[in-house]
*Asks:* 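Can you keep this structure in mind? I'll have questions shortly.
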Amino acid sequence: MAPSPAYTPGSAQPRLNRPVRERYPQIRPTSGYGDPRIRHTGPGPGAGFEQEPERSAKLSARLTLALTVVVGQLWGLTILVDEWMIGNTDTAWWGAGFLVLSFLVVLGLWLLDPKDR
């Protein structure tokens with residue numbers, strides 16, 4: 001195997017051709033893993049796990065129900081606008097009632113547990 005060619009600096013600026021230790025004096029051999037100030041490498045045991053699974057389950061159920069209602073409202077609004085544009089105002093008013101009812105369902109869910117906000 002041929003020996004590696006000698007290093008030749010590639011920058012026209014002489015200050016950039018200095019060795020790394022001279023360019024960055026703040027980087028010491030003890031920086032990082034050897035730094036005595038670093039005692040712990042991460043957040044510790046138990047990090048990332050749910051501390052209150054009951055609360056998490058309750059919030060997930062509420063979120064799922066609220067998202068279902070929102071999707072239903074969007075679907076209902078689409079039907080309502082279509083019916084209104086066709087001229088079926090009776091059906092459109094029933095659709096408006098559906099939208100108000102679904103909004104009241106979400107409002108009821110929000111008022112269900114005021115301490116959990």
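Starting from 1, each residue takes its place in the sequence as its number.
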*Asks:* With a 4.5 Å limit on heavy-atom distance, are the side chains of F98 and F103 in contact?
*Replies:* no
*Asks:* Please report the interatomic distance CG(L101) to CH2(W94), rounded to the nearest 0.5 Å.
*Replies:* 11.0 Å
*Asks:* Rounded to the nearest 0.5 Å, how far apart are CG of L59 and OG1 of T64?
*Replies:* 10.5 Å
*Asks:* Write down the atom of T91, the atom of E83, and the distance for their closest heavy-atom approach.
*Replies:* CG2-CG, 3.6 Å
*Asks:* Look at the side-chain heavy atoms of Ile, Leu, Val, Met, Phe, Trp and Tyr, link any pair under 4.5 Å apart, and say whether L77 and M85 land in one connected group.
*Replies:* yes
*Asks:* Output the distance between atom CG (L67) and atom CZ (R62), rounded to the nearest 0.5 Å.
*Replies:* 13.5 Å
*Asks:* To the nearest 0.5 Å, tell me how far I79 CD1 sits from L99 CG.
*Replies:* 11.0 Å
*Asks:* If you round to the nearest 0.5 Å, how far is CG of N88 from CG of L80?
*Replies:* 11.0 Å
*Asks:* Got a second to check how far L63's CG is from T68's OG1, nearest 0.5 Å?
*Replies:* 9.0 Å
